[in-house]
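Just so it is clear, the structure is predicted and the values come from calculations on it, not from any experiment. Lettering follows sequence order; numbering is per chain, from 1.
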2 protein chains.
Amino acid sequence: MTAESLPVPGDEDYLAEMHLHIGARLARQEHRYTSGRRQLVEVLAQANQPMTLPDIVAADPDLAQSSAYRNLDVLVRSGVIRRLSAGGDHTHFELAEPLLGHHHHLICIRCGSIEDIHLGSDVEILVDQSLSDIASQTGFTPIHHSLDLHGHCADC
Amino acid sequence: MTAESLPVPGDEDYLAEMHLHIGARLARQEHRYTSGRRQLVEVLAQANQPMTLPDIVAADPDLAQSSAYRNLDVLVRSGVIRRLSAGGDHTHFELAEPLLGHHHHLICIRCGSIEDIHLGSDVEILVDQSLSDIASQTGFTPIHHSLDLHGHCADC
DNA sequence: CTTGCAAATGACACTCATTCCCAAATATTG
DNA sequence: CAATATTTGGGAATGAGTGTCATTTGCAAG
Ligand SMILES: [Zn+2]
Ligand SMILES: [Zn+2]
Ligand SMILES: [Zn+2]
Ligand SMILES: [Zn+2]
């Protein structure tokens with residue numbers, strides 16, 4: 001068990017191992033993995049979709065709003081959490097791709113809900129190559145792509 | 001010349017014909033194509049990239065902020081303008097796809113600038129099919145996809 | 001187990017992008 | 001020229017997100 005092996009969703013030790021990874025990553029940046037930060041990670045790990053700050057606080061009312069925002073920011077900058085701008089009133093947060101795996105989103109333009117989806121590797125490869133080609137022509141340095149489907153969810 | 005024929009960028013009558021289309025579209029929704037709204041469209045048509053509200057007002061200082069925001073909203077709801085949420089401080093606006101053509105974006109995560117890019121039809125077709133397949137499995141009704149490359153622009 | 005120090009907390013104040021309000025201006029109809 | 005409906009724009013209001021700071025907590029050295 002090295003600090004670089006990835007936890008596998010479904011594994012019984014998923015949460016425990018994930019906390020070890022995250023704690024180590026934060027320690028490298030002189031940050032502490034405090035209970036508030038652990039609570040944020042657990043809330044996001046238990047949800048199966050990106051959450052807004054109100055969602056997160058509702059899921060764990062012990063969390064103070066200002067601390068939650070501040071800690072989400074720390075975790076985003078540490079690469080543990082990813083921030084999504086979907087156009088609704090609130091920013092959404094989810095675990096970063098090293099933890100959740102690369103994926104994309106269904107975004108409901110009526111209610112603002114977001115659901116994770118996974119595309120086939122053939123699509124991912126073609127998309128990544130096409131984008132890299134274009135980026136290199138313009139001097140743009142790619143970091144990651146986002147691919148979302150906007151529409152109406154089943155409930156709307 | 002029907003109300004449905006699309007103006008072609010590069011055409012000399014591009015702007016004039018576009019204004020006709022937009023005026024007709026607004027009229028259908030009992031909205032007037034006032035000079036303030038025409039100015040917004042012209043500013044966006046002359047820029048070759050999405051603009052924020054400060055960008056727009058800087059490009060045409062006659063525009064009042066509150067009216068510009070209100071008219072952008074009218075034009076977005078009328079399908080003339082598209083609103084982009086890229087994660088920076090300000091929302092970006094660009095002409096809608098019926099006017100600009102379907103395309104995607106390079107988004108600089110440092111300075112927030114956005115540049116339009118066009119992908120090959122093979123990629124578009126594969127992406128659309130993959131997304132449609134997934135959407136139909138979840139009862140999601142697709143409207144459009146967005147595909148952006150995030151990274152650092154040449155200036156950053 | 002202290003003690004000292006740096007990091008973290010949380011209540012609250014604050015910022016600022018965007019929206020709301022409303023009286024004045026403008027367009028449309030006849 | 002009315003009469004009516006829409007639009008305008010200055011400024012007030014809203015609210016998501018950030019900053020402040022006194023207090024608390026976690027960690028390490030002794
Ligand atoms: Zn929905
Ligand atoms: Zn996701
Ligand atoms: Zn840039
Ligand atoms: Zn664009």
Between C:dG10 atom P and A:Leu72 atom CG, what is the distance in whole Å? 13 Å
Positive for side chain to side chain contact (heavy atoms under 4.5 Å, CB included) with A:Leu131, one of B:Val123, B:Leu147, B:Leu106: B:Leu147
What string of B, S and - do you get for nucleotides 18-30 of chain C 5' to 3' if you count protein non-hydrogen atoms under 4.0 Å? BBB------BS--
The side chain to side chain contact (heavy atoms under 4.5 Å, CB included) partners of A:Asp133 (sequence neighbours excluded) come to none
In a check of side chain to side chain contact (heavy atoms under 4.5 Å, CB included) between B:Pro50 and each of B:Thr91, B:Ile107, B:Ile114, which one passes? B:Ile114
How bent is the helix from C:dC1-D:dG30 to C:dG30-D:dC1, comparing axes over its five end pairs at each side, to the nearest 10°? 40°
Geometric class of the A:His150/B:His144 ring pair [parallel <30°, tilted 30-60°, perpendicular >60°]: parallel
Less than 6.0 angstrom separating the ring centers of B:Phe140 and A:His152, yes or no? no
Aromatic ring proximity A:His105/B:His145, centre distance under 6.0 Å: no
Can you label the angle between the A:His19 ring and the A:Tyr33 ring as parallel, tilted or perpendicular, going by 30° and 60°? tilted
Please list, in 5' to 3' order, the outermost nucleotides of DNA chain D lying under 4.0 Å from any heavy atom of chain A. D:dA16 to D:dG26
Looking only at the side chains, is there a donor atom on one of B:Ser146 and B:His104 sitting less than 3.5 Å from an acceptor on the other? no
For A:Ile143, the other hydrophobic cluster members (4.5 Å side-chain criterion, sorted by chain and number) are B:Ile109
Whole angstrom is fine here: how far is it from CZ in A:Arg77 over to P in C:dA7? 14 Å
Sorted by first residue and then second, give each salt bridge (charged side-chain N to carboxylate O under 4.0 Å, His left out) pair with at least one member in residues 82-104 of chain B; sequence neighbours left out. B:Asp73-B:Arg83, B:Arg82-B:Glu94, B:Arg82-B:Glu97
